[in-house]
Amino acid sequence: MPKKPTNLNAKGDKNLTQKSPAEFFQDNKGIAGFENAGKSLYTTLREFIENALDAAEAIGTLPEIDIAVEEVSVSQYESLIGLKAHVRLDDELYADFESDKAKAKRLAQEAKKAAKAASAASKRGGGGKRDQAKCFYKITVKDNGKGMQHEDIPNMLGRVLSGTKYGVRQTRGKFGLGSKMALIWSKQTTGLPIRIRSALPNQSFISEYALDIDIEKNEPNIHKEAKLPNDDKWHGAELSVTIEGNWTTYRQYVLSYLRQLAIVTPYAQFRFRFVTSAATTSTAKDIDIVFRRRTDIMPALPTVTKHHPSAAKENMLLIKDLLSQTREKNLLNFLHKEFTCINKDHSSRLIQELGYGFDTDMHPSEVTDKQATRIQQLLADARFDDPDGSCLSPAGEYNLRLGIMKELGPEWIASFCAPALACGGHPLVVEACVSLGGREVKPGFNVFRFANRIPLLFEGGNDVVTRCVQRLNWNTYKIDKNNDKIGVFVSIVSTKIPFKGTSKEYIGDENNEIADAVDKAIKQCALQLRGKIVRAQVAKDRKARKKQLAKYIPDVARAVFAMLAAAADADEPPSKRARVGAALWKVDEKWETDVLERAREGEVSEAVLRAKLEEHVQRSDHEQALEFAMQNNKDGLSELMYLVPKTPEHEYLPEIRSGSCAFRFLKAAELR
Ligand SMILES: Nc1ncnc2c1ncn2[C@@H]1O[C@H](COP(=O)(O)OP(=O)(O)OP(=O)(O)O)[C@@H](O)[C@H]1O
């Protein structure tokens, strides 16, 4: 309903009105990923699941997340909103009265109609919902995370742009918007409140709330608040909303999202259930899948960091904000403590460079607006080291590989982690894996994108990763881009991912630093794979040669033995012709006499010759293979294996070699 304008100035323009953030996002749901019923169902799940992961990781707990999507029939929905609260005394009085026979007939017709609509929708694809009846779903996500303070719950979940994840730290959530968008969508489509149960670790009670949002005031509207006993010492949160959705068209997206989440978070366990409405007689569409945890090793927690000085390039107001908030007492410490990559010496040199009017002892509150602009200019123009990225928590090559092996089972896989770089003043790390082959992988490119360990499923064509994949000349790496089953996985983590829009769907291609880092990471993986491909080709050729040689062994053994036997019988060395035929041209005479003697005594037989030849072919094959691998090591012919240290302190052995392989132990830092 259009809002009555609030006149802000009695004398001014009557149309001058103000909107609350909640109203803005209600009117522009699309920018937050709520453009239609199907997409809204997907985004609601995504927002809840990502909050659940953030909450468990924040307390270092291995995430265990239960996700349920329950279909709600129209009649169930009506009773939820209290429309059928009245218990009928005389059914036959009502227009919708139907006999048992009529009811059975109607249900059969409805089932037929629903099947027809679903098949039409899946043919149409996308999120269209024209001529379909409205469908409602109850979405519940339960985690074992840190929970929320009782008093904070209404503001956290009922006030747009409120959250605990602002600041310079890597988190999946950022805007303080996602769950409120789900609530706005539920308010608009079903009018039902969000239900929350939550407990902090070691809290004796469970907070229970039902609330919705006053969109005009951007305020929580509490329907129910209670504290229940927490006898099981549970901690975490359980959020539940009932919304209009479209499962048929977004089912595939939800399942792909979960599968990709399992790849990038193999240390989490997800259980996903889809339950058809009780009114539907068939349960054939029900789903109950568990994405099992494959490792107990979680990446280290990301830590809060400070701005990199290059952030001044992007944000003119940053210096002024920091100057007004800082607790530092002088300019020297202000630059050193409020930014990364500026030590005290560097800070003093920068202050000298600022010139007239600045000195190291100056109090930050004395800096004028003009001087703040001068500081901003200098920081934007000066050169600084890249941040070290230690505040970030990338998925890790081990976790990525494990997830990919588990979900896709490729034949080959290569991984690379690029050094941290500064992007808009925020540290950013790119990790990549490229795989070949695997289950359910189609020929050509299969691009999987992750940002702060969130799978990105939409807008693939515009994303920096897809663009880099398309630009790369895959032939150089002996990879056939049309026929090979190529999996490209790129995970980007940062304290601020430069998403396009608030729906966190893709990262644009225009940032050269990110594009270069992605390009480099993919190329490094492709290079490793080229080594494996070359090695496999060489191994194949060797096998063919060995097979070919082995084929001739019986004939050669027979011919050589026949010649030896004839020479031994005749008591004289073989003729020159026979020597050439048997490749004995250059053997010395003593050896020859010795062999003839042994042939006479039966020590050298055809079987012995055959066994010796087989042994020789086998040995030279191994020697050639190892020689080739050692010579071509740079080309990626060595295979990286990741060993998880059992203790923080462990010793690295030197290289170990055997006849057919060599082990070289490297520390993670030496791999880069
Ligand atoms: N499952 C949960 N466990 C603990 N805290 C939660 C949970 N879900 C939400 N919160 C709290 O509520 C806040 C608001 O969540 P919301 O989804 O609205 O935004 P966000 O996750 O901060 O950012 P974004 O809009 O980018 O997702 C979060 O910052 C978090 O503190």
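In each ligand, atom 1 is the first atom listed, and ligand 1 is the first ligand listed. Quick caveat: nothing in here was measured; it's all calculated off a predicted structure.
In this structure, the ring of Tyr209 has its center less than 6.0 angstrom from the ring center of His150. Annotation: Trp247 is not in aromatic contact with Tyr137 [ring centroid separation under 6.0 Å not met].
With respect to the salt-bridge test (charged N to carboxylate O, under 4.0 angstrom), the residues Arg467 and Asp509 qualify. Look at Glu57 and Arg453 and you find a salt bridge, because one of the NZ, NE, NH1 or NH2 atoms lies within 4.0 Å of a carboxylate O, short of that distance. Lys224 and Glu208 are joined by a salt bridge, as a carboxylate oxygen and a charged side-chain nitrogen come within less than 4.0 angstrom of each other. Remark: Glu50 does not engage Arg172 in a salt bridge, criterion side-chain N to carboxylate O under 4.0 Å.
Comparing Thr43, Asn51, Thr164 against atom 7 (C) of ligand 1, the shortest heavy-atom distance belongs to Asn51. Summarising the contacts of atom 19 (O) of ligand 1 with Ala58, Ala55, Gly176, Ala56, the nearest heavy atom is found in Gly176. Here atom 5 (N) of ligand 1 lies nearest to Met148 when heavy atoms of Lys180, Met148, Arg46, Glu47 are compared. Nearest-residue assignment for atom 15 (O) of ligand 1 (options Gly163, Gly178, Ser179, Ser198; heavy-atom criterion): Ser179. Across the listed options Gly145, Gly147, Ala182, Gly147 owns the non-hydrogen atom lying nearest to atom 4 (C) of ligand 1. Taking each of Glu238, Lys174, Met156 in turn, the one with a heavy atom nearest to atom 11 (C) of ligand 1 proves to be Met156.
Checked by atom type and distance alone, the side chain of Ser415 never pairs as donor or acceptor with a backbone atom of Glu397 at under 3.5 Å. Of the possible polar contacts, one joining the Thr189 side chain to the Glu244 backbone as a donor-acceptor pair under 3.5 Å is found.
Here's the thing with Lys165: one of its N/O atoms is less than 3.5 angstrom from an N/O atom of ligand 1. Taking any N or O of Arg172, backbone or side chain, none lies under 3.5 Å from an N or O belonging to ligand 1.
Taking every heavy atom of Ala237 and a limit of under 4.0 angstrom, the matching atoms of ligand 1 come to 1 (N), 2 (C), 3 (N). Every atom of ligand 1 with a heavy atom of Gly173 under 4.0 Å away is listed here by number and element: 21 (O), 23 (O), 24 (P), 26 (O), 27 (O). Taking every non-hydrogen atom of Lys504 and a distance limit under 4.0 Å, the qualifying atoms of ligand 1 come out as 24 (P), 26 (O), 27 (O).
Looking at Ser162 against ligand 1, only its backbone comes within 4.0 Å, counting heavy atoms. At a heavy-atom distance under 4.0 Å, no atom of Asp54 approaches ligand 1.
In terms of protein heavy-atom proximity, atom 1 (N) of ligand 1 is closest to Asp143 OD2, 2.9 Å.
Under the salt bridge (charged side-chain N to carboxylate O under 4.0 Å, His left out) test applied with Glu64, the options Lys142, Arg293, Arg292 reduce to a single match, Arg293.
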